[in-house]
Amino acid sequence: MTMPVGHVVPELCLVVAGAAALVVALFAPRRLQWTAAVVALGGIAAAVVTTADLQAGPQQLTFSGTWAVDAAALWAKQLILVATAVAVGLSPEWFRTDPRHGEYYTMLLYAALGSIMMAGAADVMELVVGVLLASVAGYTLAAYHRRCPRSAEAGIKYFLLGGLTNPLLALGAVFLFGLAGSTLYQTLRLGLPAAASDPLLLVAAAVLVAVGLAFEMGAFPAHAWVADVAQGGPAPAAAFLTVVPKIGAAVAFARLFTLLPPEQVGWRPVVALLAAATMTLGNLAALWQDDLRRLLGWSAVSQSGYALMAVVVIDASDLALPALLLFLAAYAAGNLAAFGVVVELRGRTRLAGYRGLAQQRPWLAATLAVGLLSLVGIPPLAGFAGKWTLFAATMDGGYAWLAVLAVANTVVSLFYYLRVLAPVYFAPATEPIPALGGWAAAATMAAGAAAVAVGLAAGPLVDSFSRAQLLP
C-alpha cells in the first residue's frame with residue numbers, strides 16, 4: 001500500500017489552518033477575532049502553492065487508487081481555494097459585532113476541504129465522506145447568525161434536505177459496492193459493465209448518487225435549500241455555499257458517471273433532463289424576485305443546470321471537461337463579485353435599495369454590473385467564454401437541443417439581471433448607501449477583476465484545461 005503524503009499536502013494545510021484558526025478564536029479577545037481570518041488565508045495560500053507544485057507533476061491515482069491527483073482535480077482544487085479566500089476576505093467586517101466569530105473560519109476551511117475531497121475522490125466512500133464534511137460544515141455556516149430567525153430557518157432547511165439526500169448517496173454507494181464488489185472507481189469501471197444480471201439495481205444506484213450530488217450542486221430535484229440559504233444565511237457564507245460545493249460536486253459528478261455503462265444505464269438523457277429542468281426552474285423563479293440575495297440564489301440554481309450540460313457530454317466531446325472547468329471559474333468569479341457587493345453594502349437586499357447606487361458608489365455599481373453581466377454571458381466577461389465553450393461542447397456531444405434550450409434560458413436570465421441593473425444606473429438615489437470598506441472591499445474588487453481577467457484569458461485557460469484528465 002502506497003501512501004505518499006506529499007500528494008495530500010494541500011489538504012493537510014487546510015486541516016492545520018482550520019485547527020489553528022480555532023485555537024486563535026478560543027483564546028483571542030473579541031477585538032482580535034479577525035486574526036483567525038489571517039490564519040485561514042495563510043493556510044489557503046500554502047495550499048495554493050503546494051497544489052501548483054502538484055500540477056507540475058504527472059496525473060495519477062494515489063493512496064492505493066482512492067485519490068486522484070489529475071489535472072481536473074487540481075484545477076478544481078485551485079478554484080475552490082481561491083473562492084474560499086474571497087469568502088474569507090468578505091467576512092471580518094460582516095462579523096465584527098459577533099463576539100466569537102473566529103470559529104467561522106474553521107468551518108469555511110473544512111467545508112472547502114470537503115468540496116476538495118469530492119473533486120479528487122476516486123473511491124465512492126471517500127466521495128461520501130467529502131459530501132458529509134462539506135454538508136455538516138455548511139449547515140453551521142448557513143445558521144451562523146444563531147439569533148437571527150431567517151438564518152436559523154435557512155440552516156434548518158439546508159440540514160433537513162441534506163439529511164434526506166446524504167443517506168440516499170450512501171445507499172447508492174452500498175448498491176455500487178454490491179454490484180462491483182468494491183467502491184474503488186478503478187474496479188467499478190471494470191465491474192459495473194458485468195453487472196448485467198441486475199440492471200435495475202444499477203439504475204437505482206445511479207439515481208441515488210445523482211440525487212446526493214445534485215444536493216451539493218444545488219440542482220433539481222435537491223435545489224430547494226439554495227434560495228433560502230442565499231437570502232437568510234450570513235452573506236459571506238451564502239457567497240461561499242453557492243459556489244464552492246458546486247465546484248467539487250460538478251467534478252465528482254463527471255468523474256463518477258463516466259464509469260457507468262451507457263448501454264445499461266441511459267444516464268446521458270437523464271442528466272440532460274436534469275440540466276434542462278434545473279436551468280429552466282432557476283431562471284423562471286428568479287424572474288419574480290424582489291430580493292437580490294434570493295434572486296442570486298435562484299440564479300445559482302440555474303447555473304447548476306448549465307454546469308450539468310458538460311457532465312452530459314463528458315467523454316462524448318473533447319471540449320466537455322475544459323468547458324466545465326472554464327464555466328466553473330467564470331461562475332465563481334461572477335457570483336462572488338455580485339455577493340461581494342451585497343456584503344459591502346451591509347446586506348442590503350431589496351432591489352429598491354439599489355436605486356442610484358452608481359451615483360453614490362460607482363465602483364460598487366460597476367462591480368455588480370460586471371458580476372451580473374458575466375453570469376448572463378456578455379462578452380468579453382468570463383461568463384461569455386464559459387457559456388460559449390459549454391454550448392459548443394454540448395453540440396459537439398450530440399445534444400444540440402439542450403444547447404438551444406440553454407441559449408433561450410440565457411436570454412430569459414438577461415431580463416431579471418437587467419431588473420437589478422436598471423435602477424442602479426438610471427434611477428435617482430432615495431437614501432444614503434453606506435459601505436463596509438476594508439477587507440470586504442478588497443475581496444469584492446478582486447472577484448470583479450477575476451470576472452474580467454478570466455474572460456480575457458479564456459483561450460490560454462482552455463488550452464491548459466484541455467490537457468486535464470478525469471482518472472481513472
Side-chain angles (χ1 to χ4, degrees), residues 18 21-22 25 33 36-37 40 83-84 87-88 90-92 94-115 118 129-169 211-219 221-249 282 285 289 291-301 304 335-336 339 342-343 346-347 349:
L22 182 59
Q33 287 288 300
T84 304
V88 170
L90 293 174
S91 301
W94 181 274
F95 289 99
R96 182 178 293 155
T97 59
D98 190 316
R100 305 300 307 176
H101 85 269
E103 297 94 335
Y104 164 87
Y105 301 103
T106 299
M107 291 296 102
L108 270 183
L109 292 180
Y110 288 165
L113 178 60
S115 300
M118 284 190 270
V129 171
V131 169
L132 292 176
L133 179 57
S135 298
V136 171
Y139 307 150
T140 306
L141 292 171
Y144 207 84
H145 288 327
R146 47 202 175 278
R147 294 186 179 88
C148 173
R150 184 169 289 179
S151 180
E153 180 185 357
I156 197 65
K157 286 182 178 178
Y158 192 16
F159 168 74
L160 290 175
L161 194 56
L164 172 65
T165 57
N166 289 343
L168 294 180
L169 174 64
V211 170
L213 291 176
F215 167 73
E216 291 297 331
M217 289 189 70
H223 64 282
W225 64 271
V226 181
D228 291 300
V229 169
Q231 181 184 26
F240 175 90
L241 292 171
T242 54
V243 170
V244 171
K246 194 188 304 289
I247 296 171
Q289 303 303 320
D291 183 293
L292 179 57
R293 288 176 63 176
R294 195 167 186 85
L295 183 150
L296 289 174
W298 282 113
S299 167
V301 172
S304 296
N335 199 63
L336 288 170
F339 262 109
V342 174
V343 173
R346 303 172 184 264
T349 60

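For the numbers below, each heavy atom of this structure counts, side chains included, while hydrogens, waters and symmetry mates do not.
Residues meeting the salt bridge (charged side-chain N to carboxylate O under 4.0 Å, His left out) test with Arg147, sequence neighbours left out: none. Scanning for side-chain hydrogen bond (donor to acceptor under 3.5 Å, both in side chains) contacts around Gln289 gives an empty result, with sequence neighbours left out. Listed by chain and number, the residues in a side-chain contact (heavy atoms from CB on, under 4.5 Å) with Arg346 are Pro434, Leu436 (sequence neighbours excluded). Taking the side-chain hydrogen bond (donor to acceptor under 3.5 Å, both in side chains) definition, one finds that Thr349 meets it with Asp291, sequence neighbours left out. For Phe95, the ring pair (Phe, Tyr, Trp, His ring centres under 6.0 Å) test picks out His101, Tyr104, Tyr144, His145, with sequence neighbours left out. Applying the side-chain contact (heavy atoms from CB on, under 4.5 Å) test to Ala36 and every residue at least two apart in sequence or in another chain returns Ala21, Val24, Tyr105. Tyr139 pairs by the side-chain hydrogen bond (donor to acceptor under 3.5 Å, both in side chains) definition with Asn166, not counting sequence neighbours. Annotation: side-chain hydrogen bond (donor to acceptor under 3.5 Å, both in side chains) contacts of Ser115 (sequence neighbours excluded): none.
Considering every non-hydrogen atom in both Leu296 and Phe339, the closest pair reads CB-CE1, 3.9 Å. Across Val243 and Ala83, no two heavy atoms sit closer than the pair CG1-CB, 4.1 Å. The two atoms that bring Pro234 and Leu141 nearest to each other are CD-O, 3.3 Å, heavy atoms only. Nearest heavy-atom pair across Pro92 and Ala37 is CG-CB, 4.0 Å. Residues Gly212 and Leu169 share a closest heavy-atom pair of CA-CB, 4.0 Å. When all heavy atoms of Ala249 and Met217 are compared, the pair lying nearest together is CB-CG, 3.4 Å.
Here the straight-line distance linking atom OG1 of Thr106 with atom CG of Leu113 works out to 12.0 Å at 0.5 Å rounding. Here the OG atom belonging to Ser135 is positioned 10.0 Å from the CG atom belonging to Leu241, to the nearest 0.5 angstrom. In this structure, NE2 on His223 lies 10.5 Å from OG on Ser304, to the nearest 0.5 angstrom. Rounding to the nearest 0.5 angstrom, the gap separating the CZ atom in Phe215 from the CG atom in Leu164 is 9.5 Å. Taking CG from Leu295 and CD from Gln231, the interatomic distance works out to 11.0 Å, rounded to the nearest 0.5 Å.
Side-chain atoms of Ser151 come within 3.5 Å of backbone atoms of Ala142 as a donor-acceptor pair (strictly under, hydrogens ignored).
In this structure, Glu216 and Met118 have side chains that are in contact, with non-hydrogen atoms separated by less than 4.5 Å. In this structure, the side chains of Arg146 and Asp98 come closer than 4.5 Å at one or more pairs of heavy atoms.
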Sequence neighbours excluded and cut-off under 3.5 Å, please list the side-chain donor-acceptor pairs for residues 153-161, or say none.
residue : atom : partner : partner atom : Å
Glu153  : OE2  : Lys157  : NZ           : 2.9
Lys157  : NZ   : Asp228  : OD1          : 3.4

